[in-house]
Each structure stands twice: as C-alpha cells, then as structure tokens.
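First the structure, in the form of structure tokens, and then the observations on it.
Numbers restart at 1 for each chain; the letters A, B, ... are given by sequence-line order, proteins then strands.
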Amino acid sequence: PSEPSKASSPSPSKPPTAAPSNPPSTRNYWLMKAEPNTRLENGHDVKFSIDDLAARTSPEPWDGIRNHVAKNNLLAMRRGDLAFFYHSNCKVPGIVGIMEVVREATPDESAWDSGSAYYDPKSGPEKRTWYLVHVEFRRKFREMVGLRELQEYKGRGEALEGMQLLKQSRLSVSKVEEGEWEFIMGLAEGK
DNA sequence: GCCAACGTTGGC
DNA sequence: GCCAACGTTGGC
C-alpha cells in the first residue's frame with residue numbers, strides 16, 4: 001500500500017494548532033459501490049473489492065460511473081473527502097471500509113474507448129460527459145456494516161432516515177451526511 | 001413536452 | 001430468477 005499523498009508536517013512558522021487543509025467541518029462524506037464478484041461487462045470482468053483497492057500502490061481511478069446523479073456527486077467531491085466502500089450485487093451487501101478522495105474529478109476516458117467495459121458511444125473527447133475521481137484505500141472494517149443493519153435505522157426519526165443510499169438504492173455514488181457517517185462509524189466500531 | 005415501452009440496477 | 005424502482009428512448 002502506498003503512503004498517503006498528503007503534505008508532511010506543518011512548517012515551523014505555523015502554530016501547532018493550525019487547521020489542517022481539509023478540517024472535518026468542511027470535509028464531505030460519500031458512499032461508492034463496487035461489485036466484489038466476477039461479472040462480465042462488454043467482455044471485461046468488472047469485479048473490484050476492498051481487497052483489490054487495498055492492494056493498489058497508486059491512486060485508483062473510480063471509472064465507469066454512467067448516471068448523472070452519481071456523476072454530480074463525483075463532481076462535488078473534494079480532495080480529502082472520505083468515502084465508504086460498499087460491496088454490492090453480492091450475497092451480503094454492505095459497507096466494508098473507507099477510502100479517501102486524493103484527486104478531484106477528471107474526464108473518464110473509458111467512456112470513449114469502445115473496448116472498455118464502460119464504453120458510451122454518445123460521449124467522446126469532444127463531448128466529455130463522464131468523470132472520475134481518484135481514491136486511495138484507508139481502512140477495512142473488521143466486520144462489514146451490512147445493508148440489512150443500515151436498514152434497521154431508516155425509520156422516522158432514526159439516524160439513517162434520510163440516507164441517500166437507502167432512498168435511492170440504485171445510485172452507485174451517494175452522499176453521506178456527517179451525522180450519518182458518525183453513526184455508521186459507531187456501528188462499525190461497536191463490533 | 002408527454003408518456004409508453006423498454007432497459008438497468010441491485011436486493012431478495 | 002424475480003421484480004420494484006428508476007432512468008432512457010423515441011414516437012407523437
């Protein structure tokens with residue numbers, strides 16, 4: 001695993017209490033889905049699990065997002081934002097760990113590569129419809145926080161009542177409110 | 001711009 | 001494999 005591509009310690013001229021470049025108050029939180037099981041798309045296996053991400057030695061381009069609501073979430077991501085890694089389309093779906101956005105949105109060139117898994121004939125270098133961000137592995141939970149468990153808290157007045165994942169279950173990149181993030185972290189750490 | 005038909009996602 | 005919930009397409 002690579003080192004975080006963060007700046008080193010603050011310069012001596014700054015007070016020790018200097019705010020980090022992306023303090024919690026301005027950090028946004030997200031949830032991104034990937035499929036841990038083999039599935040063929042345009043002849044390519046799109047399998048990608050948290051263990052695959054953890055094994056990467058350079059930032060991972062999160063390509064293949066072909067939905068405009070998900071794309072708008074990608075475009076709103078800022079370096080330093082954190083995202084849950086969610087395993088979908090598998091026997092036990094759920095949140096399995098955390099990654100960090102290390103590079104903001106750039107065009108997803110796989111969209112105009114006719115040989116790629118995510119080819120979109122309506123886009124091209126002159127029509128950059130789709131974007132990706134780069135992410136890095138941060139941690140894997142000792143035990144996943146399953147979708148079933150999340151759904152226990154989606155009722156009126158409960159912690160995950162408004163969670164985008166639960167309201168728009170087909171969205172592959174969704175926003176997580178800070179309170180939702182902290183609640184889910186509590187579930188993960190309680191295991 | 002409406003909307004019926006069709007396609008996709010993803011939990012179950 | 002089923003199907004609900006969306007999203008997209010295309011005729012009008």
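- Residue A:Q151 has a polar side-chain atom (N or O) positioned under 4.0 Å from OP1 or OP2 of B:dC12.
- Side-chain N/O atoms of A:Y86 include one lying less than 4.0 angstrom from OP1 or OP2 on B:dG11.
- In this entry the distance linking CD of A:Q168 with C1' of C:dG7 reads 11 Å, nearest Å.
- Rounded to whole Å, atom C1' of B:dC12 lies 12 Å from atom CG of A:N89.
- Rounded to whole Å, the distance from CG on A:N67 to P on C:dT9 is 12 Å.
- If you take NZ of A:K154 and C1' of B:dG11, they are 11 Å apart, rounded to a whole angstrom.
- When each of B:dG11, B:dT9, C:dT8 is scored by its nearest atom to the side-chain atoms of A:H68, the top-ranked nucleotide is C:dT8.
- Note: A:K33 NZ to A:R170 CZ = 9.5 Å, rounded to the nearest 0.5 Å.
- Between the CG atom in A:L147 and the OH atom in A:Y86 there is a gap of 4.0 Å [rounded to 0.5 Å].
- Following chains of ILVMFWY side-chain contacts shorter than 4.5 Å, one can reach A:F141 starting from A:Y153, so the two form part of one hydrophobic cluster.
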Do A:K140 and A:D51 pass the salt bridge (Lys or Arg N to Asp or Glu O under 4.0 Å) test, and can you show the C-alpha distance, the side-chain angles, and the key distance before you say yes or no? CA-CA 8 Å; A:K140 179 180 177 179; A:D51 293 326; 2.9 Å; yes
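- As rounded to whole Å, 12 Å separates atom C1' of B:dT8 from atom NZ of A:K33.
- Regarding contacts with the backbone of C:dT8, every side-chain N or O of A:K122 stays at 4.0 angstrom or more from both OP1 and OP2.
- In this structure, A:W130 atom CH2 and C:dG7 atom P are separated by 12 Å, rounded to whole Å.
- One can place CG of A:D120 at 9 Å from P of C:dT9, the figure rounded to the nearest angstrom.
- Nucleic acid contact for A:R148: sugar-phosphate only, since backbone atoms but no base atoms lie under 4.0 Å from a heavy atom of the residue.
- The CG-P distance, from A:N37 to B:dT9, rounds to 16 Å in whole Å.
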